[in-house]
K.L.:
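First the structure, which I've put down as structure tokens, then a few questions once you've had a look.
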Amino acid sequence: MNTAHRSGRLAATLLAATLAGAGLTVAVAPVAHAAPYDAVAKLPISSYSAIAVDSVHERVYVADNNFGSQFNQGVIAVYAFDGAWVTTITTPRHVSGLALSADSSVLYAGVRDRVLTYDTTTYANTGGVYGATDTCGGSVAFSGGKAYYTAAYSWYISDCDNAHTDMYSYDGTTVASTGWNDFGRLQLEAGPGDRMAVGQPLNTQAADPFLAVFDTSSGSAVKVASRRFADADGKGALNFKDVSFSADGGKVAVADGTAGTRLLNTSDLSDAGTAYPALPAGASASAVAYSGDGTYLARGAAASGATPDLLLAPADPTDATAPLEFAFEGSLDGDRVAPRGLRWSADGSRLFAVTTNAAGNQYWLHVIQPPAVQYGARFTGDLSHSPVQAVAGEPLAVRGKLEYDGPAPAEPLKVRATRKDSAGSHDLGTFTVKDDGTFTVLDEPDLTGDATYTVSFLGDLTHRPADDITTTVTVAKAPTAIALNAPAEATLDGGVTITGTFTAQGKALPERAVLTVERTDRLGSGVLSSVTVAADGTFTINDIPRTRREVTYAVSWPGDDLHEGSSAQATVFVRR
């Protein structure tokens with residue numbers, strides 16, 4: 001059997017297809033391989049605020065926050081369930097929240113100073129409503145037959161994260177204040193049974209943020225439970241990132257950037273009797289979402305290397321079945337799951353995940369159909385390299401072996417490699433794993449000193465990521481050589497002519513080498529004029545000896561940061 005530990009590439013075995021005109025790349029499963037697939041679309045946005053999934057029309061809406069100015073326009077990118085781009089909606093102000101009506105006929109978009117409505121068939125703006133004074137934009141949720149949204153005012157957009165925020169409702173005709181308010185970018189999340197959660201992110205006005213659950217069945221938001229999490233010493237405060245209701249509404253799972261995944265009882269927000277396992281070491285919770293069919297809980301995180309960024313576990317916390325693990329790492333998939341970046345289709349057949357890079361200025365949409373099972377993978381043995389002595393500017397091969405459980409993949413597996421040296425970390429790209437599990441990473445180190453190579457198996461839909469494997473290689477200076485061709489004898493009147501060649505391995509010299517020439521005879525030693533090596537590596541030394549008998553010419557080059565020095569000498573017997 002093959003066992004894999006996933007670390008960054010959900011679609012390593014999948015074919016890539018470019019959708020013309022949409023500027024997006026989608027990975028799809030080969031026809032001969034019936035396994036579920038992961039479609040990956042590069043999103044046309046540079047920031048992110050919200051995602052909404054319309055299971056009636058099979059559409060996914062992703063909003064660009066675009067919060068550089070209060071007056072920036074907004075973008076809502078629309079995709080089909082297979083990852084194909086459909087259209088782009090431009091809004092008059094930046095988009096901070098999205099929600100769908102119960103029948104998915106209306107898309108609500110929370111923008112600065114208003115909530116806009118869009119027809120989900122034509123994507124046409126059908127109106128909306130101006131809310132209270134709002135310069136920051138807020139979150140939106142549809143619950144109990146109404147749209148609920150938050151609004152905050154701040155003179156400076158840099159203060160929106162800490163601004164005083166109010167919550168309002170909109171029934172399609174009338175805006176009403178709920179009377180509930182607090183500080184920060186309050187996040188709303190609708191759940192089954194006309195329940196709605198409100199989470200407060202950490203901010204300067206809330207050292208002990210809250211989580212609350214409201215009943216909206218009466219047409220008003222009635223608080224049924226609330227909780228703050230810090231202890232008497234102020235420790236353990238909620239670092240809210242996301243919240244999701246279980247399919248039956250009995251539990252809420254919270255993505256806490258500090259504590260991981262909190263599982264709470266909806267009725268009073270007390271801790272559930274059985275918690276979910278901790279996220280992998282090094283992973284910080286960023287998103288959470290229950291599948292509508294009650295099968296899975298998806299947990300998103302920010303992690304590096306082979307550490308999973310996404311885990312799909314049984315929704316039942318007492319089910320010890322190993323989670324499906326996915327890791328994102330690189331320019332084709334992003335590096336982590338964006339905060340509040342997970343949503344399921346209503347039937348639980350697809351998970352939509354928004355990922356981002358470490359800088360948070362590029363975004364991807366993944367459409368994942370969870371497989372029935374994932375198999376493991378592991379690196380076996382140590383990494384080796386050749387040549388044994390690596391030199392700067394010369395090719396180096398790092399070799400290893402990956403074993404995997406389960407059936408043979410439809411496409412060759414890939415490993416990703418990085419080199420870390422004194423100049424930082426360098427992505428070397430991906431390399432194919434052969435049928436026997438062996439792989440070769442090719443590189444040309446360009447600095448001397450220790451270079452640490454890390455190889456990751458980023459997994460695919462049927463294989464988990466593998467724990468990274470590393471090796472440290474000492475990179476030496478490249479050798480150089482000087483060869484001299486001198487006559488055995490010469491005369492005082494005729495002089496001495498010596499020709500030679502200078503060769504340097506590794507990286508090309510930035511300038512032609514300048515050689516030092518020293519002459520030693522019975523009268524002593526002295527340095528002659530230096531000699532510059534020609535482009536083809538040749539040079540010539542001309543000298544008029546000052547005395548008879550043996551004269552020794554020593555030629556040397558001192559070396560540089562990437563090349564060893566070298567020297568050679570020749571002795572000529574000088575007659576009259």
Side-chain angles (χ1 to χ4, degrees), residues 10-11 14 19 22 24-29 36-45 48-65 75-89 95 97-100 104 107 109 120 140-142 189-190 241-245 247 253 255 286-301 308-313 315 324-328 332-356 362-371 461:
L10 290 182
L14 307 180
L19 298 184
L24 97 97
T25 299
V26 176
V28 297
Y37 65 89
D38 165 42
V40 187
K42 182 66 184 295
L43 292 167
I45 59 178
Y48 165 77
S49 59
I51 181 174
V53 174
D54 174 1
S55 293
V56 175
H57 304 98
E58 295 193 347
R59 294 293 182 261
V60 182
Y61 300 89
V62 183
D64 186 350
N65 188 24
V75 171
I76 304 172
V78 186
Y79 291 85
F81 269 25
D82 62 1
W85 174 82
V86 176
T87 190
T88 298
I89 301 170
V95 185
L98 294 174
L100 288 158
S104 289
L107 173 70
T120 53
V140 186
F142 191 88
E189 179 70 17
K241 299 297 179 183
D242 199 6
V243 62
S244 180
F245 286 88
S286 61
V288 64
Y290 280 103
S291 61
D293 66 346
T295 301
Y296 287 113
L297 171 69
R299 297 192 286 168
D309 301 280
L310 175 63
L311 294 90
L312 306 188
L324 306 176
E325 297 179 352
F326 305 91
F328 306 96
L332 296 179
D333 297 289
D335 298 302
R336 59 195 60 182
V337 175
R340 303 181 307 282
L342 297 176
R343 284 291 186 274
W344 289 88
S345 61
D347 62 3
S349 65
R350 287 176 174 84
L351 172 67
F352 303 95
V354 176
T355 61
T356 182
Q362 296 186 65
Y363 291 84
W364 294 257
L365 174 65
H366 294 259
V367 183
I368 302 167
Q369 289 183 266
L461 280 175

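Residues take their numbers from the sequence shown, with the count starting at 1.
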K.L.:
With a 4.5 Å heavy-atom cut-off, do Phe352 and Val62 have their side chains touching?
P.N.:
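Not touching, per the 4.5 Å side-chain cut-off.
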K.L.:
Partners of Ser55 by side-chain contact (heavy atoms from CB on, under 4.5 Å), sequence neighbours excluded?
P.N.:
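With sequence neighbours excluded, Ser55 shows a side-chain contact (heavy atoms from CB on, under 4.5 Å) to Val53, Phe81, Ser345, Ala346, given in chain and number order.
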K.L.:
Among Val86, Val78, Ile51, which one satisfies side chain to side chain contact (heavy atoms under 4.5 Å, CB included) with Tyr61?
P.N.:
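Filter result, single survivor: Val78.
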K.L.:
With sequence neighbours excluded, give me every salt bridge (Lys or Arg N to Asp or Glu O under 4.0 Å) pair touching residues 51-62.
P.N.:
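Found none.
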K.L.:
About how many Å separate CZ of Arg343 and OH of Tyr290, when rounded to the nearest 0.5 Å?
P.N.:
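Here the rounded value is 14.0 Å.
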K.L.:
Mind checking what makes side-chain hydrogen bond (donor to acceptor under 3.5 Å, both in side chains) contact with Ser244, not counting sequence neighbours?
P.N.:
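For Ser244, no residue satisfies side-chain hydrogen bond (donor to acceptor under 3.5 Å, both in side chains) once neighbours in sequence are set aside.
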K.L.:
Suppose we screen for side-chain hydrogen bond (donor to acceptor under 3.5 Å, both in side chains). Which residues come up paired with Ser49, at least two apart in sequence or across chains?
P.N.:
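side-chain hydrogen bond (donor to acceptor under 3.5 Å, both in side chains) list for Ser49, sorted by chain: empty.
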K.L.:
Apply ring pair (Phe, Tyr, Trp, His ring centres under 6.0 Å) to Trp344 and list each qualifying residue two or more places apart in sequence or on a separate chain.
P.N.:
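Only Tyr296 meet the ring pair (Phe, Tyr, Trp, His ring centres under 6.0 Å) criterion with Trp344.
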K.L.:
When you compare the side chain of Phe142 with that of Leu100, does any pair of heavy atoms fall below 4.5 Å?
P.N.:
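No, every pair of side-chain atoms sits at 4.5 Å or beyond.
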K.L.:
How far apart are the closest heavy atoms of Arg340 and Lys241, and which atoms are they?
P.N.:
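So the minimum-distance heavy-atom pair works out to CG-O, 3.1 Å.
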K.L.:
Drop me the distance from Ile89's CD1 to Asp64's CG, to the nearest 0.5 angstrom.
P.N.:
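Interatomic distance, Ile89 CD1 to Asp64 CG, rounded to 0.5 Å: 13.5 Å.
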K.L.:
Supply the atom-to-atom distance Lys42 NZ to Asp333 CG, rounded to the nearest 0.5 angstrom.
P.N.:
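Lys42 atom NZ to Asp333 atom CG measures 11.0 Å (nearest 0.5 Å).
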K.L.:
Once you round to the nearest 0.5 Å, how far does OG1 of Thr295 lie from CG of Leu312?
P.N.:
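Nearest 0.5 Å value for the OG1-CG distance: 11.0 Å.
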K.L.:
With sequence neighbours left out, write down each residue that passes side-chain contact (heavy atoms from CB on, under 4.5 Å) with Ala247, or none if nothing qualifies.
P.N.:
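Counting only residues at least two positions away or on another chain, Ala247 forms no side-chain contact (heavy atoms from CB on, under 4.5 Å).
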K.L.:
Can you name the nearest heavy-atom pair linking Asp242 to Ala287, along with the distance?
P.N.:
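The answer is OD2-CA, 3.6 Å.
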K.L.:
Check whether any side-chain heavy atom of Leu310 lies under 4.5 Å from a side-chain heavy atom of Leu351, and answer yes or no.
P.N.:
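With C-beta onward as the side chain, the pair touches.
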K.L.:
Could you tell me which residues satisfy side-chain contact (heavy atoms from CB on, under 4.5 Å) with Ala338, sequence neighbours excluded, listed by chain and number?
P.N.:
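With sequence neighbours excluded, Ala338 shows a side-chain contact (heavy atoms from CB on, under 4.5 Å) to Tyr48, Val354, Thr356, Tyr363, given in chain and number order.
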K.L.:
Looking only at heavy atoms, what is the nearest atom pair of Val288 and Ala253, with distance?
P.N.:
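Nearest heavy atoms, Val288 then Ala253: CG1-O, 3.5 Å.
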K.L.:
Just to verify, what does Thr88 make a side-chain hydrogen bond (donor to acceptor under 3.5 Å, both in side chains) with, not counting sequence neighbours?
P.N.:
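With neighbours one apart ignored, the set is Trp85.
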K.L.:
Testing the basics here: between Asp347 and Arg350, what is the closest heavy-atom pair and its distance to 0.1 Å?
P.N.:
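Closest approach of Asp347 to Arg350, heavy atoms only: OD1-N, 4.5 Å.
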K.L.:
Give me the atom names and distance for the closest heavy-atom approach of Val337 to Ser286.
P.N.:
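Closest heavy-atom pair between Val337 and Ser286: O-OG, 2.8 Å.
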K.L.:
Under the side-chain contact (heavy atoms from CB on, under 4.5 Å) rule, collect the residues that match up with Val140, sequence neighbours excluded.
P.N.:
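Partners of Val140 under the side-chain contact (heavy atoms from CB on, under 4.5 Å) test: Ala99, Tyr108, Tyr149.
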K.L.:
Please check: side-chain N/O of His366 versus main-chain N/O of Thr355, any donor-acceptor pairing under 3.5 Å?
P.N.:
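Checked: no pair found.
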K.L.:
If the condition is side-chain hydrogen bond (donor to acceptor under 3.5 Å, both in side chains), which residues does Arg336 pass it with, not counting sequence neighbours?
P.N.:
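Checked Arg336 against side-chain hydrogen bond (donor to acceptor under 3.5 Å, both in side chains); zero matches.
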K.L.:
Please find the pair of heavy atoms, one from Leu98 and one from Ala63, that lie closest to each other, and give the distance.
P.N.:
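Answer, listing the atom of Leu98 first, then Ala63: CD1-CB, 3.8 Å.
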